[in-house]
Asks: 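Can you keep this structure in mind? I'll have questions shortly.
Numbers here simply count residues along the sequence, with the first being 1.
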Amino acid sequence: MITLRDIHVAFTVGDGARMTALAGIDLTIGEGEFVTLIGTNGAGKSTLLNVLAGTVEPTRGQLAVDGVDVTRTRDFERAAWLSRVFPDPRLGTCDQLTIEENLALALTKGRRRGMGRPVSSADRAMLVRRLADLGLGLETRLSTPARLLSSGQRQSLTVLMATLSQPRLLLLDEHVANLDPRTQANILAVTDTTIRREALAAIMVTHDVRHALDFGDRLIALKGGRIVLDVCGDAKSSLTMPDIDAVYGEERMVAVA
């Protein structure tokens with residue numbers, strides 16, 4: 001479904017030198033595949049997501065969706081088939097809009113909007129059901145402005161919003177990094193349930209190796225802008241922390257408690 005071929009990205013830094021961020025990435029993400037992505041600082045994780053999102057253009061290589069070259073399409077053009085959740089819960093929702101208004105915007109993404117009601121009665125009933133599935137009681141607070149929600153509630157809402165349009169690819173950019181451990185666990189459970197239920201293709205970037213081992217169908221490790229580990233199925237299920245340490249050597253990845 002999503003195919004990257006020989007993706008290279010290089011940046012010019014302050015002293016005029018060239019820094020390589022990605023060095024020949026070949027990767028295919030299948031429909032409904034949940035991938036976890038790990039790597040030490042500077043490994044290329046964020047750059048890879050930015051290439052997929054269209055905010056960074058590859059120096060060389062091709063990105064295709066269902067065989068169609070989208071390498072040079074701009075980020076807003078990819079909104080029809082891609083959603084992204086950032087570490088900061090405030091980036092996925094609008095402060096001044098209510099829960100219902102935020103959801104209405106997400107639901108109508110990519111649609112032509114007129115002057116009528118943004119969502120139908122049937123849509124509204126569906127949104128209430130989806131909110132109830134979060135288990136946070138938000139379905140009774142539709143008129144509450146997003147700014148009044150806790151970080152965990154807001155990030156849960158963001159994950160829901162990002163999946164309402166059933167994107168071809170969901171990018172989770174360290175989306176639990178700024179939350180406490182208990183809230184992280186809740187958000188990850190919501191994320192996993194949503195991805196499975198909607199059969200979404202997703203890439204979850206994380207610094208916490210435990211999260212990468214516990215979630216997803218496939219684990220990819222980056223080092224120096226290259227893929228150094230790509231496992232799925234039983235091979236992923238049998239992975240341990242020492243296995244990951246062996247991949248990174250002196251750069252050793254450390255699981256967050």
Side-chain angles (χ1 to χ4, degrees), residues 1-4 7 9 11 20-23 25-30 32-56 58 63 75 78 81-92 151-152 155-156 158-159 161-163 167-179 181 183-192 194-196 200-232 236 239 241 244 247-248 251-257:
M1 186 188 69
I2 310 290
T3 307
L4 298 98
I7 293 291
V9 175
F11 300 105
T20 299
L22 295 177
I25 296 293
D26 290 307
L27 179 63
T28 297
I29 307 297
E33 192 169 33
F34 183 4
V35 178
T36 55
L37 180 64
I38 62 171
T40 53
N41 289 333
K45 304 184 301 299
S46 294
T47 302
L48 179 57
L49 257 62
N50 287 334
V51 167
L52 288 164
T55 56
V56 166
L63 168 64
D75 53 350
R78 301 186 191 191
W81 55 269
L82 182 143
S83 291
R84 187 172 185 175
V85 181
F86 293 92
D88 188 344
R90 295 171 297 179
L91 294 179
S151 294
Q155 197 69 322
S156 294
T158 299
V159 171
M161 290 171 61
T163 59
R168 301 298 303 277
L169 181 63
L170 173 64
L171 302 180
L172 301 163
D173 191 357
E174 298 192 60
H175 71 306
V176 299
N178 295 334
L179 305 172
T183 305
Q184 283 185 355
N186 291 337
I187 300 293
L188 287 168
V190 167
T191 300
D192 187 62
T194 303
I195 289 171
R196 304 296 184 191
L200 300 176
I203 299 178
M204 183 176 81
V205 173
T206 178
H207 268 108
D208 190 324
V209 180
R210 295 294 179 197
H211 295 163
L213 293 173
D214 292 344
F215 292 91
D217 312 305
R218 180 179 175 189
L219 185 148
I220 293 174
L222 292 182
K223 182 178 180 180
R226 292 180 171 86
I227 295 174
V228 292
L229 181 67
D230 185 353
V231 293
C232 59
K236 178 183 184 298
L239 273 181
M241 279 298 303
I244 301 298
V247 169
Y248 285 95
E251 293 184 80
R252 186 177 178 179
M253 293 284 292
V254 179
V256 179

Asks: Can you give me the closest heavy-atom contact between F215 and L188, atom names plus distance?
Replies: CZ-CB, 3.6 Å
Asks: Under 4.5 Å between any side-chain heavy atoms of P167 and L82, yes or no?
Replies: no
Asks: Hey, could you give me the CG/CZ distance between L219 and F34, rounded to the nearest 0.5 Å?
Replies: 11.0 Å
Asks: Can you list the residues that meet the side-chain contact (heavy atoms from CB on, under 4.5 Å) rule with S156, with sequence neighbours excluded?
Replies: L134, L136, I187
Asks: Output yes when a side-chain donor or acceptor of E33 lies under 3.5 Å from a complementary backbone atom of G30, and no otherwise.
Replies: yes
Asks: State which residues pass side chain to side chain donor-acceptor pair (under 3.5 Å) with N50; sequence neighbours excluded, sorted by chain then number.
Replies: T55, R84
Asks: Taking K45 for the side chain and G39 for the main chain, is one N or O donor matched with an acceptor at less than 3.5 Å?
Replies: yes
Asks: Distance from I2 atom CD1 to L27 atom CG, nearest 0.5 Å?
Replies: 10.0 Å
Asks: Look up atom CG in L200 and atom OG1 in T194, then write down how far apart they are to the nearest 0.5 Å.
Replies: 8.0 Å
Asks: Is any side-chain heavy atom of L172 less than 4.5 Å from a side-chain heavy atom of I195?
Replies: yes
Asks: For the residue pair V56 and F11, what are the closest heavy atoms and their distance?
Replies: CG1-CZ, 4.2 Å
Asks: Taking atom CZ of R90 as the centre, does the number of heavy atoms from other residues, nucleotides or ligands within less than 6.0 Å exceed 12?
Replies: no
Asks: Look up atom CG in D75 and atom CG in L52, then write down how far apart they are to the nearest 0.5 Å.
Replies: 13.0 Å
Asks: Rounded to the nearest 0.5 Å, how far apart are CG of L171 and CG of L49?
Replies: 4.5 Å
Asks: Heavy-atom distance under 4.5 Å between the side chains of H211 and V176, does that happen here?
Replies: yes
Asks: Please check this pair: side chain of E174 against backbone of T206, looking for a donor-acceptor N/O pair closer than 3.5 Å.
Replies: no
Asks: Go through the steps for V35 and D217 under the test side-chain contact (heavy atoms from CB on, under 4.5 Å), then give the verdict.
Replies: CA-CA 6 Å; V35 178; D217 312 305; over 6 Å; no
Asks: Indicate yes or no for a side-chain donor-acceptor contact from K223 to the backbone of A43 under 3.5 Å, with no hydrogens or angles considered.
Replies: no
Asks: Using side-chain heavy atoms (C-beta onward) and a distance below 4.5 Å, is I227 in contact with I25?
Replies: yes
Asks: Can you check whether H207 reaches N41 side chain to side chain, under 4.5 Å on heavy atoms?
Replies: yes
Asks: Which atom names give the shortest non-hydrogen contact between I7 and L63, and what distance separates them?
Replies: CD1-N, 4.3 Å
Asks: Return yes if a side-chain donor-acceptor contact under 3.5 Å exists between H175 and T191, otherwise no.
Replies: yes
Asks: With a 4.5 Å heavy-atom cut-off, do R78 and L169 have their side chains touching?
Replies: no
Asks: What closest approach, in Å, do A212 and I38 show between heavy atoms, and which atom pair accounts for it?
Replies: CB-CG2, 3.4 Å
Asks: Test of understanding: with side-chain contact (heavy atoms from CB on, under 4.5 Å), list the residues that count as partners of T158, not counting sequence neighbours.
Replies: V85, T93, Q155
Asks: How long is the gap from CD1 on I220 to CD1 on I203, to the nearest 0.5 Å?
Replies: 6.5 Å
Asks: Quick one: are I244 and L229 in side-chain contact, heavy atoms under 4.5 Å?
Replies: yes
